[in-house]
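First comes the structure, then the notes that go with it.
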Amino acid sequence: MEDSKERLSLIGKIKQSQTLYKLTGIILPLLLLIFPLAKVDLGIDLADAGYNLGNFQYLDGLQDMWYLSTYLANLTGHLLMTLPFGDYMIGMRFYTALIVSIMALLSYWFCRTQLKINKWFAFAGNIMAIGLCWCPTVILYNYLTYLFLTGAVILLYMGLVKEKKLLLFFAGALLGCNIMVRLPNALEAGFILALFYYAWLQKTSARQVVQQTLSCVAGCFAGYGFWLVTILASKGPGAYLGMLQSLFGVSDSAEGYSMADMLLAAVKAYTDRFYYMKYLLALFVAGMVFEFIGKHLKQEMKYLLRGIYLVLTVCILYYLKQNNLFQTNYSTDSAYIVLSSLFLLGVTILAVKKMLQQDLTSGKRLQVCLVVLLIWILPFGSNNNIYPVVNCLFLIAPVAFAWIGEKGIVFPVRVIMAGISILLLVQSIGVGCFYVFGDGKNGAVCNQTVYDSTILTGMKTTTESAEELETAIRVLNEQQLADHTVILYGDIPGLAYYLGMEPAINTTWPDLQSYATDSFRQELEDQEYEIITEKASRPVVIIGKEYETINQEKETLLKTFMEHCGYRMINETARFTMYR
């Protein structure tokens, strides 16, 4: 009788365990779907986010260089605006946040089914990746890049391991499409190194390597060629060649865009953390000493030493926290960037160690290769050092978590990496819920709505920003200028979108280094001619007060234009001044 009760109890526990397992199989992906939507209503950034939304809205008037160099991003954004609620900022934030959800779910599926990573590692890694998406999701030339790249890496891995040339073709096609998302993504061709590395591991025949390479290259040409033909049919070859010439001119003249600058910026992001690394290195050495001593002691003493080492690690991390390892103020990137750089450096070291392991399968080595390529190729094409890598951890973080959980790693390394990873995971949740790019600086809370704006319905910003936008809208309405065009200068390009004013020139951000002074001069001369000949009314000019890049020549051009056309100030706020 007792045996029967025990069996029934055991069966009940098994059923409960199976039910819980099934529930987590539903709940974890659901959380990955929802988490990117946590802050779609927070932040009205006058610079990058609003700039991209304005480009989508006023696509036809956009300068060819920016229209064509980020063609697929602009086209996608323009199409999203035609969807229900796409004419609201909160609608665009919702639609673009779903791209992050798709990446997380795609990565979770890949890690679980193809890499056989523990579901909790796969989930935690993707939660971290979502939380650290610091960049506004409406900046589609970033997020479409990450989406296509994530898909390409997955297909590349599966195509090589499963020996499916069709998958390699589609991997190449995604990378080809990525060139049309943002032209510098052509540097992602470097992922072909993974194919050659895997061929070397497998001792693949030269013929098969050539076939696999041609599959990738053919896919890349197909993905790129389809959109190139579309552009040539609509714009003509001259426009595309002009864009290429202009963009290469930018890389030569604008600071931070040369290959050397981008590489040095990425390296500097790690070398600048030497203060923290020296403590972690000392902690590692101490741990190895503890492990050496523990080998010559009884098991109980060995565990005691490890316990002491855990306490020591916590103390060191707490000390480093007090010295700006991270902040709990989620209005600044100091909450995550130092931790992220140490995490990525640690992952790189682990990757090198794993590559030297003799018992590692070719498939595992391929994983390592792809992680290293992601960490070191993503910074190219941007002057933002390692920020693009931090923004795209969807495959890196889950794999790194799995490595940390493996038994082959020495105890001190596992403890240090686990400590950094746990801290970064916690910080990423805070960042994912509260960090607002370009708004809410210095701890200001985004809890105010701009009541007079239809486009900004449902969005929240700081009290100061809300008041400034409401004032600008009121002044434009009172002076019957709301339907006029606008010229913006001084890191405030988003105002064109937020105020619903079409730009009078071919950009809303003429003070960017990458916007040629000659182009600005020509645009202003054309405007002046239109005004003098009374073919057009004077556009409203709004000049920001808080901008970093000083270009004396551009400012003189704008001042001269305003003097010639008789402009006068009509309103002034803490952030910008309006002229008519």
Does the side chain of Asn385 reach to within under 4.5 Å of the side chain of Pro379, using non-hydrogen atoms? no

Answer yes if the side chains of Asp518 and Gln522 hold a donor-acceptor pair under 3.5 Å, and no otherwise. no

Checking side chain to side chain donor-acceptor pair (under 3.5 Å) for the pair Thr70/Arg182: CA distance, chi angles, key distance, verdict? CA-CA 4 Å; Thr70 55; Arg182 183 174 59 189; over 6 Å; no

So, Lys39 side chain and Tyr435 main chain: donor-acceptor pair closer than 3.5 Å or not? yes

For Cys220 and Ile179, work out which heavy atoms get closest and say how close. SG-CD1, 4.3 Å

Is there a donor-acceptor contact under 3.5 Å from the side chain of Ser107 to the main chain of Met103? no

Excluding sequence neighbours, so at least two apart, what forms salt bridge (charged side-chain N to carboxylate O under 4.0 Å, His left out) with Arg575? Glu546

Distance check, rounded to the nearest 0.5 Å: Ile44 atom CD1 versus Ser465 atom OG? 7.5 Å

Between Tyr143 and Asn391, do the side chains contain a donor N or O and an acceptor N or O under 3.5 Å apart? yes

Do Leu140 and Asn52 have side chains that get closer than 4.5 Å, going by heavy atoms? no

Test item: Asn185 side-chain N/O and Val181 main-chain N/O as donor-acceptor pair under 3.5 Å: no

Tyr240, OH: over 12 other non-hydrogen atoms inside 6.0 angstrom: yes

OH-CG distance between Tyr141 and Leu183, expressed to the nearest 0.5 angstrom: 14.0 Å

What's the spacing between Phe326 CZ and Asp333 CG if we round to 0.5 Å? 15.0 Å

Quick check against the 3.5 Å criterion: does Lys554 have a side-chain atom that pairs as donor or acceptor with the backbone of Arg521? no

Atom NZ of Lys559: over 12 foreign heavy atoms under 6.0 Å: no

Short question: side chain of Glu468, backbone of Ala574 - any donor-acceptor pair under 3.5 Å? yes

When you compare the side chains of Trp509 and Asp491, does any donor N or O come within less than 3.5 Å of an acceptor on the partner? yes

Worked verdict on Tyr515 versus Asn506 for side chain to side chain donor-acceptor pair (under 3.5 Å): CA-CA 10 Å; Tyr515 183 75; Asn506 61 12; 2.8 Å; yes

Taking the six-membered ring for Trp, are Trp134 and Tyr387 ring centroids under 6.0 Å apart? yes

Using 0.5 Å steps for rounding, measure from the CZ atom of Arg538 to the CD atom of Glu530. 15.0 Å

Got more than 12 heavy atoms from elsewhere within 6.0 Å of CZ, Phe380? yes

Does Thr230 reach the main-chain N or O of Phe226 with its side chain, forming a donor-acceptor pair under 3.5 Å? yes

Using a cut-off of 6.0 Å, state whether more than 12 heavy atoms not belonging to Glu534 lie near its atom CD. no

Are Trp227 and Phe221 near enough that their ring centres are under 6.0 Å apart? no

I'd like to know whether NZ of Lys460 has more than 12 heavy-atom contacts from other residues, nucleotides or ligands below 6.0 angstrom. no

Between Thr76 (side chain only) and Ala73 (backbone N and O only), is there a donor and an acceptor less than 3.5 Å apart? no

For a quick test of reading the model, state the closest non-hydrogen atom pair linking Leu488 to Pro493 and the distance between them. CD1-O, 3.5 Å

pair Met562-Leu558: side-chain heavy atoms closer than 4.5 Å: yes

Does Tyr498 use its side chain to pair, donor to acceptor, with the backbone of Asp45 at less than 3.5 Å? yes

Working to the nearest 0.5 angstrom, can you tell me the gap between Tyr88 OH and Tyr95 OH? 11.5 Å

Is the shortest heavy-atom distance from the side chain of Met81 to the side chain of Asp87 under 4.5 Å? no

Below 6.0 angstrom between ring centroids: does that apply to Tyr336 and Tyr330? no

Grab the two heavy atoms, one from Leu469 and one from Val450, that are nearest each other, plus how far apart they are. CD1-CG2, 3.9 Å

Under 3.5 Å, is there a donor-acceptor pair linking the side chains of Asn571 and Arg474? no

Which atom pair, heavy atoms only, marks the closest approach of Asp41 to Gly458? CB-O, 3.5 Å

Check this for me: His484, atom NE2, are more than 12 non-hydrogen atoms of other residues, nucleotides or ligands nearer than 6.0 Å? yes

Testing the basics here: between Ile127 and Ser428, what is the closest heavy-atom pair and its distance to 0.1 Å? O-OG, 4.2 Å

List the atom of Ala152, the atom of Leu174, and the distance in Å for their closest heavy-atom pair. N-CD1, 3.5 Å

Taking C-beta and beyond as the side chain, do Leu344 and Tyr270 meet within less than 4.5 Å on heavy atoms? yes

Is the shortest heavy-atom distance from the side chain of Thr463 to the side chain of Asn447 under 4.5 Å? yes

Just by modelled atom types, is the Tyr451 backbone N or O under 3.5 Å from a matching donor or acceptor in the Glu470 side chain? yes

Would you compute the distance between atom CD1 of Ile543 and atom CD1 of Ile487 and round it to the nearest 0.5 angstrom? 9.5 Å

Does atom NZ of Lys321 have more than 12 heavy-atom neighbours from other groups under 6.0 Å away? yes

Quick check on Gln322: does its CD atom have over 12 non-hydrogen neighbours (other residues, nucleotides or ligands) under 6.0 Å away? yes

With a distance cut-off below 6.0 Å to the six-membered ring centre and an angular limit of 45° from the axis, does Arg580 pair with Tyr567 as a cation-pi contact? no

Report yes if some heavy atom in the side chain of Tyr146 is under 4.5 Å from a heavy atom in the side chain of Ile99; otherwise report no. no

I'd like to check Met501 versus Asp483 (side-chain heavy atoms, cut-off strictly below 4.5 Å). Are they in contact? no

